[in-house]
Amino acid sequence: MNRIRYFVEDQIFGVCARLGEKLSISASSIRLYFIYATFLTFGSPIIIYLVLAFWMELRKHWRRHNSPTIWEL
């Protein structure tokens, strides 16, 4: 079950999991609050989620660029 969960988190950007790690809150409760907020505000948190996912990917690429591996040299 954990293997499936980690696969899904990697495929769906892992924004809730990353926020949970930073805030010391379980990722499942963040996902639940996100779903509630999405229904109550007619989908506007989806924009925030996509911006956070984009920012996380951008940071990952910056880190890779600043510290290349031996295969990239």
Side-chain angles (χ1 to χ4, degrees):
M1 190 64 176
N2 285 337
R3 187 174 170 193
I4 294 170
R5 184 180 64 151
Y6 291 132
F7 175 75
V8 170
E9 286 177 357
D10 286 342
Q11 296 299 318
I12 307 179
F13 307 116
V15 173
C16 294
R18 179 74 174 172
L19 281 174
E21 288 174 6
K22 290 288 185 178
L23 300 174
S24 300
I25 302 173
S26 69
S28 60
S29 64
I30 292 176
R31 287 186 191 104
L32 187 63
Y33 293 136
F34 176 77
I35 291 169
Y36 291 154
T38 302
F39 283 123
L40 291 175
T41 59
F42 302 109
S44 62
I46 292 174
I47 296 169
I48 296 169
Y49 184 88
L50 292 176
V51 168
L52 288 172
F54 175 75
W55 183 255
M56 285 174 54
E57 289 294 317
L58 193 62
R59 287 185 64 204
K60 186 177 6 174
H61 289 294
W62 281 341
R63 286 184 192 148
R64 235 184 254 149
H65 179 70
N66 290 336
S67 58
T69 62
I70 192 166
W71 304 109
E72 295 172 349
L73 295 176

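Bear in mind the structure is a predicted one, so any value in this text is a computation, not a measurement. Positions are given from 1, in the same order as the sequence printed here. All values below were derived from every heavy atom in this structure, side-chain atoms included, with hydrogens, water molecules and symmetry-related copies excluded.
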* Structure fact -> The salt bridge (Lys or Arg N to Asp or Glu O under 4.0 Å) partners of K22 (sequence neighbours excluded) come to none

* Find out if a path of hydrophobic residues (ILVMFWY) with successive side-chain heavy-atom gaps under 4.5 Å connects I46 to V51. => no

When the side chains of residues 32-44 are checked against the rest of the protein, which donor-acceptor pairs come out under 3.5 Å, sequence neighbours left out?
residue : atom : partner : partner atom : Å
T38     : OG1  : F34     : O            : 2.7
T41     : OG1  : A37     : O            : 2.6
T41     : OG1  : S44     : OG           : 3.2

* Could I get the full list of side-chain contact (heavy atoms from CB on, under 4.5 Å) partners for I48, not counting sequence neighbours? => L52

* To do: Please report the closest heavy-atom contact between C16 and A27, naming both atoms and the distance.
  => O-CB, 4.0 Å

* Structure fact -> To the nearest 0.5 Å, atom CG of L19 lies from atom OG of S29 at 10.5 Å

* Asked: side-chain contact (heavy atoms from CB on, under 4.5 Å) with L58: which residues, sequence neighbours excluded?
  -> F54, W55, W62

* Answer yes or no: are there more than 12 heavy-atom neighbours, outside L23 itself, under 6.0 Å from its atom CG? => yes

